[in-house]
Every structure is written in C-alpha cells, then in structure tokens.
Amino acid sequence: MYAIAVNGSPRKGGNTEILLNRVLEPLAAAGWATELVQVGGQRIRGCQACYKCFERKDGQCALKTDVFNPVMEKLLRADALIFGSPTYFTDVSAEMKALLDRAGLVALANGRAFKGKIGAAVVAVRRGGATHVYDTINHMFLMNQMLIPGSVYWNMGYGRDKGEVEGDAEGLGNMKNLGQTIAWLGAAIKPHLDSFPALESVSE
C-alpha cells in the first residue's frame with residue numbers, strides 16, 4: 001500500500017508539512033510506503049480547460065512545463081492521497097488549487113482514475129477559515145468517487161509561526177488518528193476494489 005502526502009504550502013518545514021508527516025507516521029508503522037511531495041512554492045499552472053486530457057486519455061495534462069505530470073503519476077499509483085494546505089484568505093494556496101483542478105480533471109478524463117482511492121484533507125490555520133480549505137480539497141475527492149475517512153475532529157492544526165502547530169496537542173492527535181484510520185480503511189477495502197461501483201450514466 002502506498003500513501004502520498006502533498007504539501008501545498010510554500011513554507012518548507014512549516015506547519016502544514018508537520019501535520020502531514022504526523023499523518024504519515026502511523027501509515028509507515030503499518031507497513032505502507034509513504035512519500036511527502038512538495039508542491040507549494042513550485043512552478044505549477046492552473047487548468048487551461050483545453051480538455052486535451054479527454055482526447056489523449058494518457059493520464060497526463062497537456063501542459064508539460066511544470067511539476068504537475070510527475071506528481072500526477074504518483075497520485076495515480078497511490079492508494080491514499082493526503083493533500084495539505086495552509087489557509088490563505090479562507091482557501092487553499094494557489095499551488096494546491098492548481099493541483100486540485102488539474103488532477104481532478106485528468107482523473108475524470110481517464111475513467112475516473114481516482115475512484116476507490118482514499119482521500120484526506122489536512123489544513124494548517126492561524127485562527128479562522130480552515131473549514132473552507134478543508135471543503136475545497138474534499139470537493140475534488142468527492143466528485144472523483146474517492147473515500148474520505150473521518151477522524152476525531154476536522155483535520156486542522158493551529159499555528160502561525162513556523163513550527164507553532166507542534167503546540168496544538170489536539171490537532172496532532174487528530175493527525176495520528178487520521179493516519180491510523182487510513183491504514184485501517186486501506187486494508188479493509190483493498191480486497192474489494194475490483195467490485196467498486198462503476199458509473200453507468202450521467203444526467204445533465
């Protein structure tokens with residue numbers, strides 16, 4: 001089993017990254033292969049709505065001059081996708097938004113390639129607005145027929161300055177529980193993924 005955590009914060013080693021690593025720890029302990037990928041601060045364009053992904057159906061985006069396609073290849077291989085973002089004016093970072101839009105569309109274009117995968121949103125926040133960030137990430141997961149596990153609270157940690165989230169004991173405990181829940185869910189669903197409900201028709 002393979003879990004990928006994507007850091008949408010441009011601040012490497014910051015609160016978002018700390019939270020994501022706390023989710024990955026119990027997964028690694030359960031024998032999963034885990035990887036943290038840095039997208040925040042990297043060059044990644046927004047979706048151009050060219051729909052070439054629907055024409056080519058090769059699991060890639062037609063824009064090949066940024067970090068998207070190498071990240072998308074990992075997302076397609078993963079059993080669990082954990083997307084983390086700081087809270088910027090009550091929403092995700094620009095890099096995370098670009099990833100959500102392009103990954104979501106490419107997955108839809110390729111036979112709903114994310115269906116049956118586990119998706120979890122993780123949010124770092126100073127004070128308010130985290131719930132909207134959480135929803136933004138989960139909306140892409142839900143539209144792609146992904147499975148979203150719950151935890152003991154919404155998956156957010158509080159802190160502004162670098163490393164300050166380490167003082168949020170409840171938030172860190174939530175991340176540990178989230179990782180444990182993902183590991184449990186992954187083991188439970190793995191034998192049954194071949195029977196995941198197929199999409200028969202779409203109403204306009």
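Under the 4.5 Å side-chain heavy-atom criterion for grouping Ile, Leu, Val, Met, Phe, Trp and Tyr, Leu185 is not connected to Met146 through any hydrophobic cluster. Hydrophobic clustering, with ILVMFWY side chains joined whenever heavy atoms are under 4.5 angstrom apart, keeps Trp154 apart from Ile182. Leu20 and Val92 are members of different hydrophobic clusters when ILVMFWY side chains are connected at heavy-atom separations under 4.5 Å. The hydrophobic cluster containing Leu142 also contains Val6, counting ILVMFWY residues as joined when their side-chain heavy atoms lie under 4.5 angstrom apart, directly or transitively. Taking hydrophobic clusters as Ile, Leu, Val, Met, Phe, Trp and Tyr residues chained together by side-chain heavy-atom distances below 4.5 Å, Tyr88 does not share a cluster with Ile137.
The environment of CZ in Phe196 is crowded: more than 12 heavy-atom neighbours from other residues, nucleotides or ligands sit within 6.0 Å. Shown here is Arg160, whose CZ atom has no more than 12 heavy atoms of other residues, nucleotides or ligands within 6.0 Å. For Phe54, the CZ atom is densely surrounded, since the number of other residues' heavy atoms within 6.0 Å is greater than 12.
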task = Starting from the C-alpha separation in whole Å, work towards a yes-or-no answer on side chain to side chain contact (heavy atoms under 4.5 Å, CB included) for Leu100 and His139.
result = CA-CA 9 Å; Leu100 287 168; His139 287 159; over 6 Å; no
request  = Run the numbers on Leu19 and Val165 for side chain to side chain contact (heavy atoms under 4.5 Å, CB included), then give the verdict.
outcome  = CA-CA 8 Å; Leu19 294 171; Val165 76; 3.6 Å; yes
request  = Determine, step by step, whether Arg22 and Asp168 satisfy the salt bridge (Lys or Arg N to Asp or Glu O under 4.0 Å) criterion, reporting the C-alpha distance in whole Å, the side-chain angles of both residues, the deciding distance to 0.1 Å, and the verdict.
outcome  = CA-CA 12 Å; Arg22 290 301 179 102; Asp168 181 6; over 6 Å; no
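The CG atom of Leu147 sits 8.0 Å away from the CG atom of Leu193 when rounded to the nearest 0.5 Å. Taking CD of Gln48 as the reference point, atom CG of Leu105 lies at 12.0 Å (rounded to 0.5 Å). To the nearest 0.5 angstrom, Phe114 atom CZ is 12.5 Å from Gln145 atom CD. Here the straight-line distance linking atom CG of Asn69 with atom CG of Leu75 works out to 10.5 Å at 0.5 Å rounding. Between Leu108 atom CG and Lys115 atom NZ the span is 10.5 Å, to the nearest 0.5 Å. Atoms SG and NZ, from Cys61 and Lys52 in turn, are 11.5 Å apart once rounded to the nearest 0.5 Å.
Side chains of Val125 and Val133 form no contact here, defined as non-hydrogen atoms less than 4.5 Å apart. Taking 4.5 Å as the limit, every side-chain heavy atom of Met175 sits out of range of all side-chain heavy atoms of Ile82. Residues Ser85 and Thr16 are not in side-chain contact: their nearest non-hydrogen atoms beyond the backbone lie 4.5 Å or more apart. Side-chain contact between Glu25 and Thr34: absent, with no pair of heavy atoms (C-beta onward) separated by less than 4.5 Å. The side-chain heavy atoms of Glu35 and Lys74, taken from C-beta on, include a pair separated by under 4.5 Å. Using a 4.5 Å cut-off on side-chain heavy atoms (C-beta onward), Asp79 and Ile118 make no contact. Contact annotation: the side chain of Asn7 never approaches that of Val37 to less than 4.5 Å [non-hydrogen atoms, C-beta and beyond]. Looking at heavy atoms from C-beta onward, Val39 lies out of side-chain contact with Phe83 at the 4.5 angstrom threshold.
In terms of heavy-atom proximity, Ala120 sits nearest to Phe141 at N-CE1, 3.3 Å. Taking each heavy atom of Thr65 and Arg43 in turn, the nearest pair found is O-NH1, 3.5 Å. Closest non-hydrogen pair, Ala30 versus Ala183, comes out as CB-CB, 4.0 Å. Of all heavy-atom pairs between Leu178 and Ser151, the closest is N-OG, 3.5 Å. Listed here is the closest heavy atom pair of Ala113 and Leu76: CB-CD2, 3.6 Å. Across Ala78 and Ile4, no two heavy atoms sit closer than the pair CB-CG2, 3.6 Å.
Checking side-chain atoms of Asn144 against main-chain N and O of Met140 turns up a donor-acceptor pair under 3.5 Å. Here the side chain of His132 pairs a donor or acceptor atom with the backbone of Thr90 at under 3.5 angstrom. The backbone N or O of Met143 sits less than 3.5 Å from a side-chain atom of Arg112, completing a donor-acceptor pair. Formation of a donor-acceptor pair under 3.5 Å by the Asn174 side chain with backbone atoms of Glu170 is not found in this model. In this structure, the side chain of Lys162 does not engage the main chain of Arg11 through any donor-acceptor pair within 3.5 Å. Looking at Glu17, its side chain never comes within 3.5 Å of a backbone N or O of Lys12 through a donor-acceptor pair. With hydrogens and angles ignored, the 3.5 Å screen pairs a side-chain donor or acceptor of Gln38 with a backbone N or O of Ser9. Between the side chain of Lys64 and the main chain of Gln60, no donor-acceptor pair closer than 3.5 Å is present.
When the options Val71, Leu63, Leu99 are evaluated for a side chain to side chain contact (heavy atoms under 4.5 Å, CB included) with Ile44, the one that passes is Leu99.
Under the side-chain hydrogen bond (donor to acceptor under 3.5 Å, both in side chains) criterion, Asn15 pairs with no residue at all, not counting sequence neighbours.
No side-chain donor from either of Lys176 and Gln180 sits under 3.5 Å from a side-chain acceptor of the other. If you check the side chains of Tyr158 and Glu164, you find no donor sitting under 3.5 Å from an acceptor.
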